[in-house]
Every structure is written in C-alpha cells, then in structure tokens.
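Shown next, in structure tokens, is the structure this report addresses.
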Amino acid sequence: MAKWGQGDPRWIVEEREDGTNVNNWHWTERDATSWSKGKLCELLVGIAVENEAGRCEISELKQVEGEASCSSRKGKLIFFYEWNIKLGWKGIIKESGAKHKGLIEIPNLSEENEVDDTEVNVSKKKGDGNILKDLMKTAGTAKVREALGDYLKALKTEFTMGMILPTKAMATQELTVKRKLSETTLQIQASSPVALGVRIPTVALHMTELFDTAIEQLYRIFTVKDLVQKFSKSPAVLEAEKGRKFQMFDGNITGEYVELLTNKKIVMKWRCRNWPEEHYAIVALNFVPSLGQTELQLDCKGVPVCEEENMKFCWQKQHFEEIQGLLQLITLNG
C-alpha cells in the first residue's frame, strides 16, 4: 500500500472541493445526436455551385438517421458517429432556363472512414439536365465533403466545451488567456446595448429554469470566477463589472458586461467563437424569487438564425444542467 500522499495522483481528490472526475480520469459521455442534426443542417443546406452552364443548390435536408456521441476517459476524448443522410438539390440551366431536381445520398458517414473517402451519391429525376447532375457530382460533392469536415471539426471543438475538466496544468493556460484578453480588444460596439455588429438574420430566445437555491447563491454562480469555472469545467477570465470583458469555456464564449443589478439582473454582449465576426447577441438574465427557489429568466436577442438550436443546447445543457449539478454538490458538502 502506498504511503499517504504518494498514491497515484489521478486518484487524489483532496485538492478539489467537489471531488468530481479528478484529472479527467473517470468515464463521462455526452449524446451529440440532436446537436449534430442541427449542425449538419446548418452546414449542408444552402451549399451552392455554379459554372458557365448552370447553377445548383442544396435546398433541403430530407433525412438524417443515425447517432453521435463523445466520451471522455483519462483526459482523452473519444468520438462515435454514424449517419445516413439524404439531401435534396435543385438547379437551373442558364441557356434554357430549365429547372431540375435531384438527391444527394451519404449512406455512411462514420469514424471508420476519412471524410475524403466518404461515399457521396448524386442522382437526378428523369429527363434532361445531366449537365447539372455532373456539376453536383464534381463541384457539389467537393463542397459537401468540405462541409462534413467542418461538422467533424465542430463536433471535436464546439460540442466538447467543458468535457475536459480544469487541472493544475491549466493555470498557465489561464494566465496566457488573461494576457491575450488584456492585450487585444474584443471588437464590440460600445455605443448601445442593442448594436449587434454585422447585420445577419437573427432570432430571439426566451428560456426559464427553476433552481432550488437562493437568489444570492445563483447570482454568485454567474459572477464569481471560481464558481463559473466549476460549472463550466474549463478556464474562465472574468470580472463582473459593467464594461468589463469576459471569456468562458476556454475562450469559446466571449463578451462584455453591459448591466449588473446585484441579485436581480445581468445583461451581457455575448458571442460564440464560430459566429460571424463582430456579431454579438444581447443576453439578459433576470433572477426572480419563487417560494424559496429562484427562477432564472433568459432573454436573448440577436442569435444567428442558423445557431438557434446550438444556442438552446448551450444554455440548457452547458449552463442550466451543469449549474443544477453544482448546486447539488454544494448542498451535499454543506
């Protein structure tokens, strides 16, 4: 038996208050199926190709069957995905103006094959228009494979935010992030809370969540750096004061505090790293007492249309549910 203090450091828990998944040793798994369907639709629908003879565009996602997940074990991420995808495309021949439709089928997108080797089958409804089919089989297929590659990159970066917990080694990384944040100004329009940068189609979101805790505690979880790092399970740089900038989820989320009313309201300019450059949403968190509990009301304006589902996932899964878990640990630890 090892002497006290000389055991395998992967099992030493006394340095973490919650003792949760120390040094990323234990197995954790996250279902990526719903997120993946939204991301595949976002990346594939709208792809367009054109040459001197005609123009084609992927117009709809007809079918997406399968599943995806990400697991963490011993500090390593393991990905599983298997998809059968059908897309509808339409095109027009420039000389005649004739319009044609067809299908693109991707029968087996999985981790067993490289994206460049993934089978992409293009077909067209009966009749003329093979010139459009050829365009989709060449330039169209290349763009589809490029989009599939972008999906896999997002799965391995954007989706996995918070799956690897902070360890001592992250302290140096956090300092580096802090220096970069202080040296490089986040290009946020400061004139008005509703100025959202570049103009793109956007939607508004409203979400609510009931927490079994006092308003003061919930407010602290959103404004105290150590608590933010605990629920996000990743480095954060923040100082909750009006006009101060912040970074969360290892830099994937950035923004600026617009308004803070202690234990009542937080308003932020907020963006995800993969959003169009300089575009920020406005996120307002209202803390409402409710019979010994606290209702959190989230109102968000300026979310890119294509990011609506990802935004809902981010707040429900990576904020609300993680905070619920943190509150349970705080209760258990007294």
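One-based numbering along the sequence shown.
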Next item on the list: Check for a donor-acceptor pair, side chain of R271 on one end and backbone N or O of E277 on the other, with a separation under 3.5 Å.
Entry: no
Check: What closest approach, in Å, do K265 and F287 show between heavy atoms, and which atom pair accounts for it?
Finding: N-CD1, 3.9 Å
Notebook entry, point to check: For N310, does its backbone N or O pair with a side-chain atom of E42 as donor and acceptor, under 3.5 Å?
Noted result: no
Next item on the list: Verify whether one side chain among E295 and Q293 offers a donor that lies under 3.5 Å from an acceptor in the other.
Entry: no
Checklist line | Ion pair check, K233 and E322, cut-off under 4.0 Å | finding: yes
Notebook entry, point to check: Which pair of heavy atoms, one from R30 and one from F159, lies closest together, and at what distance?
Noted result: NH1-O, 2.8 Å
Next item on the list: Please confirm whether the backbone N or O of I85 pairs with a side-chain atom of Q63, one donor and one acceptor, at under 3.5 Å?
Entry: no
Check: Are H319 and F313 an aromatic pair by the rule of ring centers under 6.0 Å?
Finding: no
Could you list the donor-acceptor pairs under 3.5 angstrom formed between side-chain atoms of residues 149-156 and any protein atom two or more places apart in sequence or on another chain?
residue	atom	partner	partner atom	Å
Y151	OH	S36	OG	2.9
Y151	OH	W83	NE1	3.1

Next item on the list: Kindly write out the residues that satisfy ring pair (Phe, Tyr, Trp, His ring centres under 6.0 Å) with F211, not counting sequence neighbours, or none if the list is empty.
Entry: none
Next item on the list: Taking only Lys NZ, Arg NE, NH1 and NH2, and the carboxylate oxygens of Asp or Glu, determine whether K143 and E146 approach each other closer than 4.0 Å.
Entry: no
Item checked: Close side-chain approach of E307 and W275, heavy atoms under 4.5 Å -> yes
Next item on the list: Would you confirm whether W89, through its side chain, and S123, through its main-chain N or O, come within 3.5 Å as a donor-acceptor pair?
Entry: yes
Notebook entry, point to check: Which is it for N121 and E119 under the side chain to side chain donor-acceptor pair (under 3.5 Å) test, yes or no, and what are the steps along the way?
Noted result: CA-CA 6 Å; N121 299 318; E119 185 178 354; 2.9 Å; yes
Notebook entry, point to check: Going by atom types only, do D299 and Q297 share a side-chain donor-acceptor pair under 3.5 Å?
Noted result: no
